[in-house]
Amino acid sequence: MIKRTHTCGELRESHISQTVALSGWVNAYRGYGGLTFIDIRDRYGLTQLVFDKEDCSAELMELASRLRNEDVIAVRGVVRLRAGAPNPKLPTGQVEVVVRELELINKTDNPPFLPDDGPAAENLANEELRLKHRYIDLRRPRMQHILGIRHKVYQTTRRYFDENGFLEVETPILYKSTPEGAREFVVPCRNVPGSFYALPQSPQLFKQILMISGCDRYMQICRCFRDEDPRNDRQAEFTQIDLEMAFVQREDIMSMMEGFIRRLWKDIANTDIPPITRIGYREAMERYGIDRPDTRYGLEITDISEIARKTDFRVFQDALAQHPDARPYFSKKGVVKAIRVPGGAEKLTRKITDGYSEFVKTFGAGGVPTVKVVSGGAGASPAGLAFETGIAKFLEPVKAELVAALGLEPGDTVLFAADTYAVATKALGELRQKVARDIGLLPKPGCEGGPWNFLWVVDFPMFERNKDSGKWVALHHPFTAPREDQQDAFVAADLSSDDETIESIVSAGYDIVLNGQEIAGGSVRIHNRDVQAKVFQLLGMTPEQAREKFSFLLEALSYGAPPHAGIAFGLDRLIMNFVGAESIRDVIAFPKTMIGQDLMTRAPSGVTEAQLKELHLVSTAAPQG
RNA sequence: GGGGCGGUAGCUCAAUUGGUUAGAGUACCGGACUGUCGAUCCGGUGGUUGCGGGUUCGAGUCCCGUCCGCCUCGCCA
């Protein structure tokens, strides 16, 4: 075999007249009878090979003329300045290799598609086919680039945390089932009939145990499993950058993470990230209607309930009549909220705003009342503004107040939501993002590069009532500590009667949001056994159940647990941001489809009766696949 | 679990209200061609329209079921 001396992205004018050897895949074939060009490709780039009747034997010309896309070849030849025009699109475009020796290492069958990102790739094969033949898809320069960025993120991560004294520790994949939270993948255990492991949703408790074990600072790039329906940026099997620190407070973690983010963005995107601003959960919900606000644009939400109360608009009045005396953030309290869309009068056509009404119905809202703001005209306000279309006539009596409250200007459109606090907030929070895309406030999805708007979201409530069961659930997870100044109130609270207090307790949790996407989340943990037991109790676990599921944690907490805190990054989402990927599948080498299949290996698949028997299992489903 | 979009040649797509032999580009095969780089030109092979039923004189097209892919709501402590 001809052994390569250089890669296909390496040769320059400085190599001219050297004899070199290259190996790779045939990327393109251009034949002229007595003259044949082959582009040879490997991970590093493309180089033009030339076979010329004047220089090559008839056998070599014949062999070259039979080469086709994706054949694997190796060549030996001499580098020379291109005899024709140089190709400015290629780093190697000044030179070509005149081939003296060609080895056809492996002839390909006609490939189902070509791994081409160039102009010919306008019709990229569909994803199903690309996933089935992932080894071809991954040859694409784009995919190689993504794998490379992902590799760099691993390296920067390990380097940063190593420099800061973190210890990389692996934690079990075969773990204990703790059925709170996400649905788990379950693995039958052969040696203990009828018992099962679960795959970890995260190494949460192991990293806490490692703190109690004296590891002080832990990190791991780990696989996590959640058997929930996937999304564009979510799949059942994903990767976290997981870490935990002992003897720290919230601020210590936050500054360590800001350092990490600055390093990461410097290394990967060559960008300096300024200090990250913070917002409280309540404020985020009020202003943006979501706990992960995208701050690249305005379109903030304003509560106009008190103004709406003065109108005769039935939709407003009906909404406001719901639990009028409830606490401000009570989820079923009736409210009216509004978004001012600058320039919306022109950009948001009737067809678009009708679509918004349909859109918010998916979140339980009835529709989106709308009004346009114009200058002058009949009935113009003192500021010279008038309302038109939609619900304009109902708003006439409160025009001046609305103009002042929302800062309205001519050409604006105002979008309203009148419903319960929970529904109106959610509907406008989602609508806000849709409007931003519609009127061009955002780069197109899949664009690479900034702006990078980071945000810490802090001060989450510890608990909320599940809207169906009415049970208390932890907003983050049951191991999250109350914020330092809330600890006493939680310890003192009577769990059976003190709803107001429990709902008001704020946790020591923190999320990092990037451009409206949650990229990391963590908290200070409970390190006191009694506090942890009280949380389990509040979540409806009897002391026996708590012991059955978490005795190891409660015991560990009683044998000298240091204060500790941690966080985990969604690594796949980080990569998506760096490379401008639209789908999480594009940043995972071997991803799964929406129903969790690997189209290349055809996993999951059936197993034999013998396997089932050995595992003490009987399947009630007919075998598939 | 719910809603939406899609599945036609190896690939990317087309095919009027249901109507003749399901087309184009590309890939592939054969031929021509000495400076291309999405090479070009000439010729050719290539189809159980995802699968199974149904309606009809006639179905790629309409109906029912099913499988697969994507998007989305719920879900994701």
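Naming convention: chains lettered A, B, ... in sequence-line order (proteins, then strands); numbering from 1 in each chain. These figures come from a predicted structure and were not determined experimentally.
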Say we look at B:C62 and B:U56: how far apart would their C1' atoms be, to the nearest angstrom? 10 Å
When the distance from CZ of A:R231 to P of B:G2 is rounded to whole Å, what number comes out? 14 Å
So if I take residues 351-368 of chain A and measure heavy-atom distances to RNA chain B, which residues fall below 4.0 Å? A:T362, A:F363
To check you understand the geometry: which heavy-atom pair defines the closest contact between A:I301 and A:K337, and what is its length? CG2-CB, 3.9 Å
Give a yes/no on whether any side-chain N or O of A:Q597 is located under 4.0 angstrom from OP1 or OP2 of B:C68. yes
Pairing residues for A:D55 by the salt bridge (charged side-chain N to carboxylate O under 4.0 Å, His left out) criterion, not counting sequence neighbours: none
Could you measure between the two P atoms, the one in B:G25 and the one in B:U40, and give it in whole Å? 12 Å
Considering only heavy side-chain atoms of A:A182, the closest of B:C71, B:C76, B:G69 is B:C76
Return the nearest nucleotide to the side chain of A:A85; candidates are B:C37, B:G69, B:U34. B:C37
So what does A:L539 hit on the nucleic acid, given a heavy-atom distance under 4.0 Å: a base, only sugar-phosphate, or nothing? nothing
So, under a plain 3.5 Å distance rule, would you say the side chain of A:N110 forms a donor-acceptor pair with the base of B:C28? no
Distances for protein N or O near nucleotides 42-46 of chain B N or O, under 3.5 Å:
none

Between the side chains of A:D354 and A:S357, does any donor sit under 3.5 Å from an acceptor? no
Output a table of donor-acceptor pairs, distance under 3.5 Å, between side-chain atoms of residues 173-180 of chain A and any protein atom two or more places apart or on a different chain; print 'none' if there are none.
from: A:S177; atom 1: OG; to: A:E184; atom 2: OE1; distance (Å): 2.7
from: A:E180; atom 1: OE2; to: A:K549; atom 2: NZ; distance (Å): 3.0

Within a strict 4.5 Å, meaning less than it, do heavy atoms of the A:L22 and A:H6 side chains meet? yes
When only distance counts, do a donor and an acceptor, one from the side chain of A:R80 and one from the base of B:G35, lie under 3.5 Å apart? yes
Applying salt bridge (charged side-chain N to carboxylate O under 4.0 Å, His left out) as the test, list every pair that has at least one member in residues 125-134 of chain A; sequence neighbours left out. A:E127-A:R585, A:R130-A:D137, A:R130-A:D586, A:R134-A:D137
With rounding to the closest Å, how many angstrom separate the C1' atoms on B:U17 and B:C11? 32 Å
Report the relative orientation of the aromatic rings in A:Y281 and A:F460; use parallel for angles under 30°, tilted for 30 to 60°, perpendicular for over 60°. tilted
If you measure from the P atom in B:U21 to the same atom in B:U49, how many Å do you get, rounded? 15 Å
ring-ring contact (aromatic ring centres under 6.0 Å, His included) involving A:F569 - partner list, sequence neighbours excluded: A:F260
Is any side-chain nitrogen or oxygen of A:N126 closer than 4.0 Å to OP1 or OP2 of B:U12? yes
Taking atom P in both B:U8 and B:C76, what distance in whole Å separates the two? 36 Å
Can you tell me how far P of B:C37 sits from CZ of A:R82, to the nearest Å? 11 Å
Taking the P atom in each of B:C70 and B:A32, what is the distance between them to the nearest angstrom? 46 Å
How many Å lie between CE on A:M594 and C1' on B:C76, as a whole number? 13 Å
Closest to side chain of A:K89, choosing from B:C71, B:G38, B:G74: B:G38
Could you tell me which residues satisfy salt bridge (charged side-chain N to carboxylate O under 4.0 Å, His left out) with A:R183, sequence neighbours excluded, listed by chain and number? A:E228
Given the C1' atoms of B:G60 and B:G19, what is the spacing between them in whole Å? 13 Å
Looking at A:F359, I'd like to know if the NZ or CZ of A:K434 sits under 6.0 Å from its six-membered ring centre while staying within 45 degrees of the ring's axis. yes
B:G38 C1' sits how many Å from A:F37 CZ, rounded? 15 Å
How would you list, by chain and number, every residue that makes a salt bridge (charged side-chain N to carboxylate O under 4.0 Å, His left out) with A:R41, sequence neighbours excluded? A:E70
Among B:G69, B:C37, B:C76, which nucleotide has an atom closest to any side-chain atom of A:N87? B:C37
Short of 4.0 Å, heavy atom to strand atom, which residues of residues 27-36 of chain A count as contacting RNA chain B? A:R30, A:G31, A:Y32, A:G33, A:G34, A:L35
What's the closest nucleotide to the side chain of A:D52 if the choices are B:G74, B:C11, B:U34? B:U34
Hydrogens and angles aside, do A:N577 and A:Q517 bring a side-chain donor and acceptor to less than 3.5 Å of each other? yes
A:D39 CG to B:G35 P, straight-line distance once rounded to whole Å: 17 Å
A:R226 (side chain) and B:C76 (base): donor-acceptor pair under 3.5 Å: no
Any donor-acceptor pair under 3.5 Å between the side chain of A:R68 and the base of B:C29? no
Tell me the interatomic distance from A:E96, atom CD, to B:U34, atom P, rounded to whole angstroms. 16 Å
Mutual orientation of the aromatic rings belonging to A:H133 and A:Y135 [parallel < 30°, tilted 30-60°, perpendicular > 60°]: perpendicular
Grab the CZ-P distance between A:R602 and B:C67 for me, whole Å please. 14 Å
For RNA chain B, what residues of residues 510-535 of chain A have any heavy atom nearer than 4.0 Å? none
Starting at atom CZ of A:F113, determine the distance to atom C1' of B:C13, rounded to an integer number of angstrom. 18 Å
If each of A:P112 and A:E228 is mapped to the nucleotide of RNA chain B with the nearest heavy atom, which maps nearer the 5' terminus, i.e. the 5' end? A:P112
Is a side-chain donor-acceptor pair under 3.5 Å present for A:T171 with A:Q220? yes
I'd like the P distance from B:C64 over to B:A27, given in whole Å. 41 Å
Minimum-distance nucleotide (side-chain atoms of A:I595 versus B:C68, B:C76, B:C70): B:C68
Can you list everything that forms a salt bridge (charged side-chain N to carboxylate O under 4.0 Å, His left out) with A:D233? Sequence neighbours excluded, please. A:R573
Just by distance, no angles: are the side chains of A:D242 and A:Y218 close enough, under 3.5 Å, to form a donor-acceptor pair? yes
For B:C70, does the base pair up with any side-chain atom of A:R585 as donor and acceptor (N or O, under 3.5 Å, distance only)? no
On a plain distance test, is the side chain of A:D116 in donor-acceptor contact with the base of B:G38 below 3.5 Å? no
Mind checking what makes ring-ring contact (aromatic ring centres under 6.0 Å, His included) contact with A:F185, not counting sequence neighbours? none
